[in-house]
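Please read these numbers as outputs of a predicted model, since none were measured by experiment. The figures here come from the full heavy-atom set of this structure, side chains too, leaving out hydrogens, waters and symmetry mates.
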Amino acid sequence: MPFGEVVCGAPGSGKSTYCFGKHQLFTALNRPISIVNLDPANDNIPYPCAIDIASLITLQDVMDEHGLGPNGGMLYCMEYLDANFDWLEARLKELGSDAYVLFDIPGQVELSTNHEALKHIVQRLTKIGFRLAAVHLCDAHYVTDAAKYVSVLLLSLRTMLQLELPHVNVLSKVDLIGQYGDLDFNLDFYTEVQDLSYLENALNASSPRHTALNMALCSVIEDYSLVGFETLAVEDKASMLHLTRAIDRATGYIFVPPHDAPVPEGTLEASSVPASTRPNTFSLFSSAAGPMAGSVGDVQERWIDAREQWDAFERKEWRQEGEKIREAREREKAMQGERRAKGGIRERK
């Protein structure tokens, strides 16, 4: 059974960067991953692309042929993909039944909030066997402004209701949040979407004429009680691993390494059948059923409260790791030299 992520979010939220970072991470972990670019305007793809919508249609061709603008042309492209879904289905089948696929979606928010084309595509992917989760990226700097934070909450809520998938909202670029000023509350207030009435003073200060409207919108968000956020610093390995685990729990994905993988004895079933049909109790209880490591408090300490100290600590760790690797290589070269020297000595008869 193939699994995947529908990576959506506003322009500039870091979707393509996230896909590239995840490809690097999964490659290092020897986990399968394929990336599908569904943005017909993306002609500068940073990651290895398994399937590119540009092979079917491009935004520039649509604009030239039909006289549409960028927004109308993008909607046309997605409707065209929906009408020609068999093209996408045929290429996805070539990836195999154990594929893990990232679908990089265009940044036009109406595609994931009110237009039906993307929703139809997601529903058809589900029907052909994909287990999907929506990964909705939002720029973390919006939490530094109360009005922008409420707008992000509304956007995330609308996307959740539209796509009808297991959903993981993500505050991306959390490592840059300190550049936009101090937070009014601790980071967990924003990730857990706690009592929004505490935002009333800040909202009234920015738009006193819309006090009733602001609090009504906050009430809608709290009534649904659906929105929450994970955090992401795409260049930080621990952050990427934490988010990956959260997404795996949302989809039910359990990574089972190949039967010949170098792992401790007893953690893998000695079988050569595909991973999707091979039982593995160790993977189940260590990934899906195990507790989530780390907390939002740790993220705040790492990127907001004590970033300089953590940066210095990590640089020290990297230097020590580099020295160990260099020493190991030097020892290996020395041993190889000794073996060559011994092999060149001939015994006297």
**OP:** Apply the side-chain contact (heavy atoms from CB on, under 4.5 Å) test between P106 and each candidate in I53, N42, L111; give the one that qualifies.
**Re:** L111

**OP:** Among V62, L68, D39, find the one that has a side-chain contact (heavy atoms from CB on, under 4.5 Å) with M74.
**Re:** D39

Once rounded to the nearest 0.5 Å, what's the spacing between atom [atom1] of [X] and atom [atom2] of [Y]?
{"X": "L165", "Y": "T251", "atom1": "CG", "atom2": "OG1", "result": "11.0 Å"}
{"X": "R209", "Y": "N204", "atom1": "CZ", "atom2": "CG", "result": "13.5 Å"}
{"X": "M240", "Y": "Y18", "atom1": "CE", "atom2": "OH", "result": "6.0 Å"}
{"X": "H242", "Y": "L232", "atom1": "NE2", "atom2": "CG", "result": "10.5 Å"}
{"X": "Y47", "Y": "S34", "atom1": "OH", "atom2": "OG", "result": "12.0 Å"}
{"X": "C8", "Y": "L38", "atom1": "SG", "atom2": "CG", "result": "12.0 Å"}

**OP:** Show your reasoning for whether ring-ring contact (aromatic ring centres under 6.0 Å, His included) applies to Y100 and F26.
**Re:** CA-CA 10 Å; Y100 191 95; F26 276 29; 5.5 Å; yes

Are a donor atom and an acceptor atom from the side chains of [X] and [Y] found within less than 3.5 Å of each other?
{"X": "N71", "Y": "Q108", "answer": "yes"}
{"X": "H141", "Y": "Q179", "answer": "no"}
{"X": "N114", "Y": "Q162", "answer": "no"}
{"X": "D139", "Y": "S13", "answer": "no"}

Going by heavy atoms in the side chains, are [X] and [Y] under 4.5 Å from each other?
{"X": "Y224", "Y": "L153", "value": "no"}
{"X": "F229", "Y": "V152", "value": "yes"}
{"X": "V168", "Y": "L243", "value": "yes"}
{"X": "L176", "Y": "V174", "value": "no"}
{"X": "V101", "Y": "I35", "value": "no"}
{"X": "C218", "Y": "V150", "value": "yes"}
{"X": "I45", "Y": "F20", "value": "no"}
{"X": "I51", "Y": "E94", "value": "no"}

Is it the case that the side chain of [X] and the backbone of [Y] share a donor-acceptor pair, with hydrogens and angles ignored and the cut-off at 3.5 Å?
{"X": "S172", "Y": "C138", "answer": "yes"}
{"X": "R91", "Y": "W87", "answer": "yes"}
{"X": "K148", "Y": "V143", "answer": "no"}
{"X": "N186", "Y": "F189", "answer": "no"}
{"X": "K15", "Y": "A10", "answer": "yes"}
{"X": "D64", "Y": "D61", "answer": "no"}

Original post:
Pick from Y198, Y190, Y180: which one makes a ring pair (Phe, Tyr, Trp, His ring centres under 6.0 Å) with Y149?
Top reply: Y190

Original post:
Checking side-chain contact (heavy atoms from CB on, under 4.5 Å) for the pair T211/L203: CA distance, chi angles, key distance, verdict?
Top reply: CA-CA 7 Å; T211 300; L203 292 171; over 6 Å; no

Under 4.0 Å between a side-chain nitrogen and a carboxylate oxygen: does that hold for [X] and [Y]?
{"X": "R307", "Y": "D311", "result": "yes"}
{"X": "K333", "Y": "E327", "result": "no"}
{"X": "R319", "Y": "E323", "result": "no"}
{"X": "R124", "Y": "D82", "result": "yes"}
{"X": "R302", "Y": "E314", "result": "yes"}

Check for me, please, whether [X] and [Y] land in the same ILVMFWY cluster - side-chain distances under 4.5 Å, paths through other members count.
{"X": "V36", "Y": "V135", "answer": "no"}
{"X": "L155", "Y": "M160", "answer": "no"}
{"X": "I33", "Y": "V234", "answer": "yes"}
{"X": "V122", "Y": "L226", "answer": "no"}
{"X": "L154", "Y": "V109", "answer": "no"}

**OP:** Start with the C-alpha distance between Y253 and F3, add both sets of side-chain angles, then the distance that settles ring-ring contact (aromatic ring centres under 6.0 Å, His included), and finish with yes or no.
**Re:** CA-CA 7 Å; Y253 181 82; F3 287 76; 5.0 Å; yes

For a quick test of reading the model, state the closest non-hydrogen atom pair linking [X] to [Y] and the distance between them.
{"X": "L59", "Y": "P70", "result": "CD1-O, 3.8 Å"}
{"X": "P11", "Y": "G107", "result": "CD-O, 3.0 Å"}
{"X": "S16", "Y": "D104", "result": "OG-OD2, 3.0 Å"}
{"X": "S156", "Y": "V227", "result": "CB-CG1, 4.1 Å"}

Subject >> Full working for side-chain hydrogen bond (donor to acceptor under 3.5 Å, both in side chains) between S55 and D52 >> reply: CA-CA 6 Å; S55 302; D52 190 355; 5.6 Å; no

Subject >> T191/E230 under side-chain contact (heavy atoms from CB on, under 4.5 Å): CA gap, chis, key distance, verdict >> reply: CA-CA 7 Å; T191 58; E230 297 290 339; over 6 Å; no

**OP:** Applying side-chain contact (heavy atoms from CB on, under 4.5 Å), run through E65 and Y76 and close with a yes or a no.
**Re:** CA-CA 12 Å; E65 182 174 349; Y76 181 95; over 6 Å; no

**OP:** Please assess L241 against K237 for the test side-chain contact (heavy atoms from CB on, under 4.5 Å), listing each intermediate value before the final yes or no.
**Re:** CA-CA 6 Å; L241 288 172; K237 181 176 68 173; 3.9 Å; yes

